[in-house]
2 protein chains.
Amino acid sequence: MPDARVPVSTVVYDALRADILSGRVRPGDGIPSERTLSERFEVNRHAVREAVKRLQQAGLVQVSHGGATRVLDWRRTGGLELLVDLPPEDVGVARAAYELRACIAADVAARAAARATDEDRASLAARAAAFAAAREHCVATDGPVSPGPALLDAYRELWDVLVDATGNIAYRLAYNSLLHGEDAVTAVAVIYLRDELLDAETTDALVAAVLDSDADAARAAAATLTAHTLTALSPTEAPSR
Amino acid sequence: MPDARVPVSTVVYDALRADILSGRVRPGDGIPSERTLSERFEVNRHAVREAVKRLQQAGLVQVSHGGATRVLDWRRTGGLELLVDLPPEDVGVARAAYELRACIAADVAARAAARATDEDRASLAARAAAFAAAREHCVATDGPVSPGPALLDAYRELWDVLVDATGNIAYRLAYNSLLHGEDAVTAVAVIYLRDELLDAETTDALVAAVLDSDADAARAAAATLTAHTLTALSPTEAPSR
DNA sequence: CCTTGCCAACTGGTCCAACCAGTTGCTACC
DNA sequence: GGTAGCAACTGGTTGGACCAGTTGGCAAGG
């Protein structure tokens, strides 16, 4: 049994973050004082302080010396890294995330096609081959119904190269934010991404377009691929706000 | 004179973060022990711990009990919120950020046109009027050469409404990440955004398209607007990676 | 009565000192 | 020479104390 020692400050952080993101405490509310929290969680005040520092770093609370620590409106002050902390059971959140991914992916494909270096193209070809092999193996082993995590990993590595090939650090960081913690939802991600992962034809077209420096074709292929997943996520409904 | 008291933990955090983001310490390197750092910065170990917690939260370091704290490759592990912490003098970073913004803005415009509620449309009309008024005032006061921060604020509020109208929390958070700390660079942002801020015709077309639920026209208008700024940021060069 | 000023009781910020709990590497024993 | 174990690191946690801002009520003055 993995003991999975979790630092007490992390316990406090997770609890407070969950209270804020779930709306149990509302923006403008004050959170209890550090001394009160340290009693409530039965930990030392220093641990509480470390947790509060992290909340502050995440843009969830505003701390003021002498005054109360207030909860901020994370929809206004939070950064993209909060996305993976939102309640994963909310399919609206998932759709929102994949819409953003679709938007960025199309641009990434186009810019990768326009800017990829020879080195990038070589990496892309290698990853594409690995992905194709994984797909073959997956279809042969699991059948076409349920692609495994291995295929998803190979697909991610493919996009990894594309993102790097854009030479744009902002795309890179946004991509990181969208992926962080996705390991926790890999199981469900595979379901949503099924059609996208198994569309070999369009994937090949995407790779070919990038290798051929055809930005428009690359963008179109990326759009087609991501559309599969958006369709899988209740296409007719707008995501919850 | 504003004393601008900065908590010591923030001083340590800023120093360590700068060392990492600037590359003075490389991924895989170990950072000095907490006790060493507390001596070096002449602060208490708890202050160092709070700083390290924030570094950990930002995805810049990996802490392991008993072992050394190692620097991570922030280009792989960092989130979008790091973007505004990157050296602002690097024009490549600015171009990367505005490319991402352009990508998202086009999608935001299209989805806002498709999904805006009557309430959203009313807000949009109000903000559009306020922006137009600010532009008139700006041109009359400062001349067409240098739009002031007030115009930029009005423009941001306009986009604020559009982002909310998409009903997509991911767009909202990404938008937040792109704006955070931009106040620090408002002066330079105004220069880059000049042509975009003063293109009244296209701005009006964008608002009209959203009010008219014309997603394609909204996307096109947004693309035209953001293209102005990308052109201002050395259009012929790819951003530095 | 109302205003004004001060002080006490909060809040967070910082420090010291100690100990617990993992990791690492050298050393001394087998 | 191999290995068990001890020491000397590392981070994790605790307690207590004090400094430094903010807040609100209470009392003295108008």
Side-chain angles (χ1 to χ4, degrees), chain A residues 1-17 19-20 25-74 77, chain B residues 1-17 19-20 25-74 77:
Chain A
M1 68 235 100
D3 205 67
R5 285 198 169 277
V6 177
V8 285
S9 67
T10 299
V11 174
V12 177
Y13 171 73
D14 286 341
L16 293 176
R17 185 188 61 181
D19 283 343
I20 295 171
V25 297
R26 308 184 68 83
D29 289 352
I31 68 175
S33 74
E34 295 175 351
R35 290 170 177 84
T36 304
L37 287 173
S38 70
E39 281 184 20
R40 181 176 305 175
F41 287 98
E42 296 182 314
V43 299
N44 190 273
R45 191 178 149 216
H46 292 299
V48 172
R49 281 186 60 76
E50 287 175 9
V52 172
K53 277 287 177 202
R54 291 177 64 181
L55 291 174
Q56 197 178 0
Q57 176 80 0
L60 296 178
V61 301
Q62 184 180 39
V63 180
S64 56
H65 189 172
T69 296
R70 280 177 306 211
V71 175
L72 294 173
D73 182 358
W74 55 269
T77 62
Chain B
M1 68 231 109
D3 207 65
R5 286 197 169 279
V6 177
V8 285
S9 67
T10 299
V11 173
V12 177
Y13 170 73
D14 286 341
L16 293 176
R17 185 188 61 181
D19 282 344
I20 296 171
V25 297
R26 309 185 66 85
D29 290 351
I31 67 175
S33 74
E34 295 175 350
R35 291 169 176 85
T36 303
L37 288 173
S38 70
E39 282 183 21
R40 179 175 306 175
F41 287 97
E42 296 182 311
V43 298
N44 189 271
R45 194 180 147 212
H46 289 298
V48 172
R49 281 186 60 78
E50 287 175 9
V52 172
K53 277 285 179 209
R54 290 177 64 181
L55 292 173
Q56 196 177 0
Q57 175 80 2
L60 296 179
V61 302
Q62 185 180 39
V63 180
S64 56
H65 189 173
T69 296
R70 279 176 307 212
V71 175
L72 294 173
D73 182 359
W74 54 269
T77 60

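Below, each value reflects all heavy atoms present in this structure, side chains not excepted, and no hydrogens, waters or symmetry copies. Bear in mind that the values here come from a model prediction, so they are computed numbers and not experimental data. Below, chains carry the letters A, B, ... as their sequence lines are ordered, and counting in each starts from 1.
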Are any protein N/O atoms closer than 3.5 Å to N/O atoms in nucleotides 16-19 of chain C? If there are, list each pair with its distance.
from	atom 1	to	atom 2	distance (Å)
C/dC16	N4	B/His46	NE2	3.0
C/dA17	N6	B/His46	NE2	3.4

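Summarising the geometry, the separation between CD on B/Gln62 and C1' on D/dT10 is reported as 14 Å, rounded to the nearest angstrom. Taking atom CD on A/Glu34 and atom P on D/dT14, their separation rounds to 15 Å, with Å as the unit. As a whole-Å value, the separation of B/Arg54 CZ from C/dG13 P is 11 Å. Between B/Arg49 atom CZ and D/dT13 atom P there is a gap of 7 Å when expressed in whole angstrom units. When rounded to the nearest whole Å, the span between CZ of B/Phe41 and P of C/dT14 equals 14 Å. One interatomic measurement links the two molecules: CG of A/Leu37 to C1' of D/dT14, which rounds to 17 Å at whole-angstrom precision. When rounded to the nearest whole Å, the span between CD of A/Glu50 and C1' of C/dT14 equals 14 Å. For the pair B/Tyr13 OH and C/dG13 P, the computed distance is 16 Å after rounding to whole Å.
In this structure, of C/dG13, D/dG11, C/dC15, it is D/dG11 that holds the atom nearest to the side chain of B/His65. With distances taken from any side-chain atom of B/Thr36 to the nucleotides C/dC15, D/dT10, D/dG11, the minimum falls on D/dT10. Taking only side-chain atoms of A/Val8, from C-beta outward, the nucleotide of C/dA21, D/dG11, D/dT13 with the closest atom is D/dT13.
For D/dG12, the OP1/OP2 oxygens have no side-chain nitrogen or oxygen of A/Ser9 closer than 4.0 Å.
Here the side chain of A/Thr69 pairs no donor or acceptor atom with the backbone of A/Ile31 at under 3.5 angstrom.
Taking each heavy atom of A/Ala47 and A/Val8 in turn, the nearest pair found is CB-CG2, 3.8 Å. B/Thr77 and B/Gly59 make their closest contact through OG1-O, 2.7 Å (heavy atoms, listed as atom of the first residue, atom of the second, distance). Of all heavy-atom pairs spanning B/Val52 and B/Val61, the tightest one is O-CG2, 4.3 Å.
In A/Arg70, the CZ atom is not crowded: 12 or fewer heavy atoms of neighbouring residues, nucleotides or ligands sit closer than 6.0 Å.
Ranked by how close their nearest DNA chain D nucleotide is to the 5' end, B/Gly67 and A/Ser64 are led by B/Gly67.
Among the protein residues, A/Val52 comes within range of no part of the nucleic acid, since none of its heavy atoms lies under 4.0 Å from any strand.
Looking at B/Asp29, B/Asp73, B/Leu72, B/Leu60 one by one, the single match for side chain to side chain contact (heavy atoms under 4.5 Å, CB included) with B/Ile20 turns out to be B/Leu60.
By the 4.5 Å heavy-atom criterion applied to side chains, B/Arg26 and B/Val71 are not counted as neighbours.
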